[in-house]
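Structure first, commentary second.
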Amino acid sequence: MENSSSGNAALIVEDKKYELPILVDREGQCFLDIRQLAKSTEITAYDPGFANTASCASAVSLVNGTEGKLLYRGYPVEVLAENCVFVEVAYLLIHGKLPNAEERQRFSDLLNRHSMIHEDMRAFFHGYPEHSHPMAILSAMVVSLSSFYPEIEEENRSEELDITATRLLSKLRTIAAFSYKKSVGEPIVYPRRDLDYCSNFLNMMFSSPVSDYEVDPVIVAALNKLLILHADHGQNCSTSTVRLVGSSGVNLYASISAGICALWGQLHGGANQEVIEMLEQIQRDGGSVDRVIERAQDKNDPFRLMGFGHRVYKTYDPRARIAKQTCKEVLAHLGVSDPLLDLALVLEEKALAHPFFQERKLFPNIDFYTGITYRAMGIPKDMYTVLFAIGRLPGWIAQWLELQQDPEKKIGRPGQMYTGEQGRPFVPVSDRP
Ligand code: ACO
């Protein structure tokens, strides 16, 4: 990955001076190159949460947290969300270019062709208890795909990779809808060849033997937009997990399955479900947002304002702006008046006006408004993070593929600062107190 150099920084350790090169990326961001640090100084860096560390060079997406800018392969997310369908953006992220009409058609056909899952995998769904979280099922099913579909062969690698990536994109959506059907005790609905990616998902979720699902183009467009907003986001927790697991040499399915688990956490993709639970709690407590704003500031209270704050964005998250607008449009189209939206708007306004949030540059993130939109679409809470996973999948795949081709690829292996005991005398079990 090409970077330019901008001189050196000096590090002085016990009167000895070391030169550390400074690299500059395409966005003008400077990086201290510490690749030779341990070798030359025998000192390593301590950086919990990797807040000061770039783990790789990547050309997939750019997140500029100061300007609130997000690019996928060079295109602003706003432009893609306005003009593309999700499948096109998936193609862009994975192949590095927007598809022409013929490529788009071929990709859609391929997605349709691979949308079924092996019939034997259906039996897995029956093994889960009622009300299993669909993220648990999703992760397990994705790693199981590696047992049902052939390993990538060394010869024909790029063609095999293409098929594996397409298969995964298509099947994740089917697995997600099947896990929903399992959770509500309804029979599984198979994908249909005549429906596009998002319509197919909605049909598999909402049609049943006793009621057809009528595809609503406004809802389909909104779902496309929301999935696009989630499609990639630099080296976030789940993407870093996909890369870390992939760096060991394991297959794509296993790496993505690990990414799904990382996404599930409430500080990451799980926040979209938590936001709705927080708003419901506010509603139950009488509808005042002041109490949660107070709690969020209390250092003795683990509570955080869900859907607020971001490691990178120190200004309004550009995805949250589009998600908020989409939310209003979907609710207006459906004629839904959701008191949770009213609460969210008041909460945002009060938090943004509060010095605690201003000083820490805490703004709504992507998760703040998406849940209210999904709720209006009739999607249950525990499926919100699953939708995030469907959206993020092209990014995970693109990043995994980029890692495989990276000449600087190494197994991920952070160090540690040891704080444990040393040289403890061994005591036989009979003498232990
Ligand atoms: N509510 C209250 N205070 C917050 C919040 C919040 N949501 N987020 C950050 N802060 C405060 C912290 O208490 C800390 O204050 P301090 O400096 O007085 O100690 C300061 O802001 C910095 O917070 P960190 O935890 O150091 O920030 P970090 O970058 O590690 O965390 C994170 C980012 C995890 C997103 C955090 O903002 C958070 O927990 N938000 C709520 C969960 C959430 O919405 N997650 C989704 C993120 S977007 C995504 O993953 C798709």
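Residues take their numbers from the sequence shown, with the count starting at 1. Whatever order the structure lists them in is the order used to number ligands and atoms, beginning at 1.
- Using a 4.5 Å heavy-atom cutoff, the side chains of Leu223 and Leu387 are in contact.
- In terms of polar-atom proximity, Lys314 is not counted as a contact of ligand 1, lacking any N or O under 3.5 Å from an N or O of the ligand.
- Here's the thing with Phe357: none of its N/O atoms is less than 3.5 angstrom from an N/O atom of ligand 1.
- Ala296 O, 3.7 Å is the protein heavy atom nearest to atom 2 (C) of ligand 1.
- Taking the ring centroids of Tyr313 and Phe363, they lie at or beyond the 6.0 Å cut-off.
- Looking at Phe356 against ligand 1, only its side chain comes within 4.0 Å, counting heavy atoms.
- Ligand 1 places these atoms under 4.0 Å from at least one heavy atom of Ile366: 51 (C).
- Atom 27 (O) of ligand 1 is never approached by the protein to below 4.0 angstrom, counting heavy atoms only.
- Of all protein heavy atoms, the one closest to atom 50 (O) of ligand 1 is His268 ND1, 2.8 Å.
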*When you look at Asp285 and Val292, which way does the side-chain contact (heavy atoms from CB on, under 4.5 Å) test go after all the steps?*
CA-CA 10 Å; Asp285 292 346; Val292 291; over 6 Å; no
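- Ranked by closest heavy atom to atom 7 (N) of ligand 1, the top entry among Leu267, Val292, Leu305 is Leu305.
- Interface atoms of ligand 1 facing Arg360, defined by a heavy-atom separation under 4.0 Å, are 11 (C), 15 (O), 16 (P), 17 (O), 18 (O), 20 (C), 21 (O).
- Protein heavy atoms are found inside the 4.0 Å sphere centred on atom 15 (O) of ligand 1.
- Between Glu402 and Arg243 there is a salt bridge, since a side-chain N of the basic residue sits under 4.0 Å from a carboxylate O of the acidic one.
- For the residue pair Asn272 / Thr370, no side-chain donor-acceptor distance below 3.5 Å is found, with atom types taken as modelled.
- When hydrogens are left out, the protein atom nearest atom 35 (C) of ligand 1 is Gly309 O, 3.7 Å; that is the closest non-hydrogen contact.
- Within the 4.0 Å heavy-atom criterion, the part of Leu362 lying near ligand 1 is the side chain and not the backbone.
- Salt-bridge check for Arg106 with Glu103: failed, with every basic side-chain N at 4.0 Å or more from each acidic carboxylate O.
- None of Arg311, His310, Arg392 except one satisfies the side chain to side chain donor-acceptor pair (under 3.5 Å) rule with Asn236; the exception is Arg392.
- Not one N or O on the side chain of Ser115 forms a donor-acceptor pair closer than 3.5 Å with the backbone of Ser170.
- The aromatic rings of Phe178 and Phe125 lie perpendicular to each other, with more than 60° between the two planes, well past the 30° mark.
- Any N or O atom pair closer than 3.5 Å counts here, and Arg311 shares at least one such pair with ligand 1.
- For the ligand labelled ligand 1, residue Phe303 lies outside the 4.0 Å heavy-atom shell.
- Not a single protein heavy atom sits closer than 4.0 Å to atom 22 (C) of ligand 1.
- Looking only at protein heavy atoms, the nearest one to atom 40 (N) of ligand 1 is Phe308 O, 2.9 Å.
- Remark: the backbone N or O of Tyr253 is not paired with any side-chain donor or acceptor of Ser257 at under 3.5 angstrom.
- Of the options His233, His230, Arg304, Met306, the smallest heavy-atom separation from atom 42 (C) of ligand 1 is shown by Met306.
- In this structure, the side chains of Tyr213 and Met205 stay at 4.5 Å or more apart for every pair of heavy atoms.
- Under a 4.0 Å criterion applied to the non-hydrogen atoms of Phe388, ligand 1 contributes the atoms 51 (C).
- Residue Gly307 has at least one nitrogen or oxygen atom sitting less than 3.5 Å from a nitrogen or oxygen atom of ligand 1, judged on distance alone.
- Here is the list of ligand 1 atoms found below 4.0 Å of a heavy atom in Asp367: 46 (C), 48 (S), 49 (C), 51 (C).
- Using a 4.5 Å heavy-atom threshold, the side chains of Val218 and Glu329 count as separate.
- Atoms of ligand 1 lying under 4.0 Å from any heavy atom of Ala271, numbered from 1 in the order shown and given with element: 43 (C), 44 (O), 45 (N), 46 (C).
- Atom-to-atom distance recorded for Ile228:CD1 and Glu78:CD is 12.0 Å, nearest 0.5 angstrom.
- For atom 19 (O) of ligand 1, the closest non-hydrogen atom of the protein is Lys299 NZ, 3.3 Å.
- Ligand 1 lies out of reach of Gly49, whose nearest heavy atom is not under 4.0 Å from it.
- Using a 4.5 Å heavy-atom cutoff, the side chains of Leu305 and Phe357 are in contact.
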